[in-house]
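What follows is a single structure, written as structure tokens, with notes after it.
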Amino acid sequence: MMRRVEPCRAIGGSVRVPGDKSASHRALMLSALAAGESTIEGLSPGLDVAATGEIMAQLGARRHLEGDRVVVEGPVDGLRASPQPLQCGNSGTTMRLVSGIVSGIDGTHRLEGDASLSRRPMDRVAVPLGLMGAHVVGDGPKVTPPLTITGSTRLHGIDYHVPTASAQVKSAILLAGLFADCATSVHEDVRTRTSTEDMLRHAGVDVRSVDAGVGRRVTLIPRRPAPRAWRVPTDPSQAAFFCVLGLIHSRGDITVLDVEDSPERTGFVTVLRRMGGDLFATASPSGVNLRARSSTLCATEIHAAEIPSVDEVPILSVAAAAARGVSAFRDMGELRLKESDRFEGSMALARLLGCRVWSEGDDFFIEGLASADAFASFAINAGLDHRIVMSSAVAGVAGHGCDIDGSDTVRSSYPGFFDDLARLR
Ligand code: S3P
């Protein structure tokens, strides 16, 4: 779907972004794995999380809505293989985490994805899950989807160093570890988001984390998670779009309400402040309110480890485009493997805005235009990538408008994005 985004003279007000996608997937999964009834409040309304919900139902969990809450009943005798393929849609988190779960369920499981997901590497989960005793088959050396997984109720615990920091890979291993015969340990060189460990612990599973330098070692003792009443916090990665909009708009003053305040997720706040952004945090009932006001931004150097999982890089490259000077984005190779090639996508967006942009290996550079007022009007094809859509829209509103082909992809994580954006005008 093609959408025109018009610029506006001033933008302000407050916005509450939807439930965190990461926590939503895990709440559905842990509820389905538990015996009995769990409830979930604040679930992400996106299609990615809906795909996880459907798959949990296919594997035997029952769900219904009770007002705003989702009630999930995990089968007492455990999840069972489905004869139908498990459709993961656009969602890498769904495919990688579900791979971990079905590795511990006897039988053959087929996992499918859309065109974007079918290009993404699954070898990163196939290798450790194989070591645990599951058999994961996909296409070619990168094991791209569709996947056929032969699971086993007799998995072995492993001690595994994740070669490229990834919360999805860590989580797939820990979830498979629930079905193993002994403890499973995962080491990561960069501390990635902790939703899986935190939520498993909350569900009564013995999970210990020990920080080691900038990395972390997580050890899980197998045990069935217990049912819980889950409250999903709001999604910091979605808050980043409105923070950048408030900062780069020449008349911006936006408050994002109740942003989850966790160090692995809010690296973008540190980066934006370093750029000179007037981003003020006050305590809120479940996190912080972040107020972003028009600022003159200066260039910075951003290392991937500062924003693990690099989800906020496309929107930070819009901030860099509005800054004075050359911003350096270092060690950004993982960006190429997201819903689209966000390494090229982030550079292409800045180039469309009128910036000089170049790359060297896994680093890329953006020479900013010193103000969003200098952005060009542009047209972009966002592919199947929700974060490129939202980054483009922010640039269009703060600058001189844009046309976005593929704008309906926001449905995967934030179906109400354009409505929330319109309310701030
Ligand atoms: C996620 C982990 C990240 C992130 C994705 C959600 C998760 O991916 O990009 O949006 O919920 O575990 P990687 O773990 O592959 O970096």
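Source: prediction; values computed, not measured. Remember, it's 1-based here, ligands and their atoms both numbered in the order they're listed.
The aromatic ring centres of Phe365 and Phe329 sit 6.0 Å or more apart.
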Quick one: table the atom pairs, ligand 1 N or O against protein N or O, below 3.5 Å, distance rounded to 0.1 Å.
from	atom 1	to	atom 2	distance (Å)
ligand 1	8 (O)	Gln168	NE2	3.4
ligand 1	8 (O)	Lys338	NZ	3.3
ligand 1	9 (O)	Asp311	OD1	2.6
ligand 1	9 (O)	Asp311	OD2	3.3
ligand 1	9 (O)	Lys338	NZ	2.7
ligand 1	10 (O)	Asp311	OD2	3.0
ligand 1	11 (O)	Ser22	OG	2.6
ligand 1	11 (O)	Arg26	NH1	2.8
ligand 1	12 (O)	Arg26	NH2	2.7
ligand 1	14 (O)	Ser166	OG	2.8
ligand 1	14 (O)	Ala167	N	2.8
ligand 1	14 (O)	Gln168	N	2.8
ligand 1	15 (O)	Ser166	OG	3.2
ligand 1	15 (O)	Gln168	OE1	3.4
ligand 1	16 (O)	Ser309	OG	3.2
ligand 1	16 (O)	Lys338	NZ	3.1

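For the residue pair Ser171/Arg193, the side-chain donor-acceptor check at 3.5 Å is not satisfied. Between Ser284 and Asp258, the side chains place a donor N or O and an acceptor N or O closer than 3.5 Å (distance only, hydrogens not considered).
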Let me check something: any side-chain donor-acceptor pairs from residues 378-396 under 3.5 Å, sequence neighbours excluded? List them with distances.
from	atom 1	to	atom 2	distance (Å)
Asn381	OD1	Gly383	N	2.9
Asp385	OD1	Arg342	NE	3.3
Asp385	OD1	Arg342	NH2	3.0
Asp385	OD1	Arg387	N	3.0
Asp385	OD2	Ser340	N	3.2
Asp385	OD2	Ser340	OG	2.7
Asp385	OD2	Arg342	NE	2.8
His386	ND1	Ser413	OG	2.8
His386	NE2	Glu339	OE2	3.0
Ser391	OG	Ile315	N	3.4
Ser391	OG	Arg387	O	2.7
Ser392	OG	Ile388	O	2.7

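Within the structure, ring pair (Phe, Tyr, Trp, His ring centres under 6.0 Å) pairs that include any residue of residues 402-425 comprise Phe242-Phe417, Tyr414-Phe417 (at least two apart or interchain).
Applying the salt bridge (charged side-chain N to carboxylate O under 4.0 Å, His left out) criterion to Arg3, with sequence neighbours excluded, gives no partner residue.
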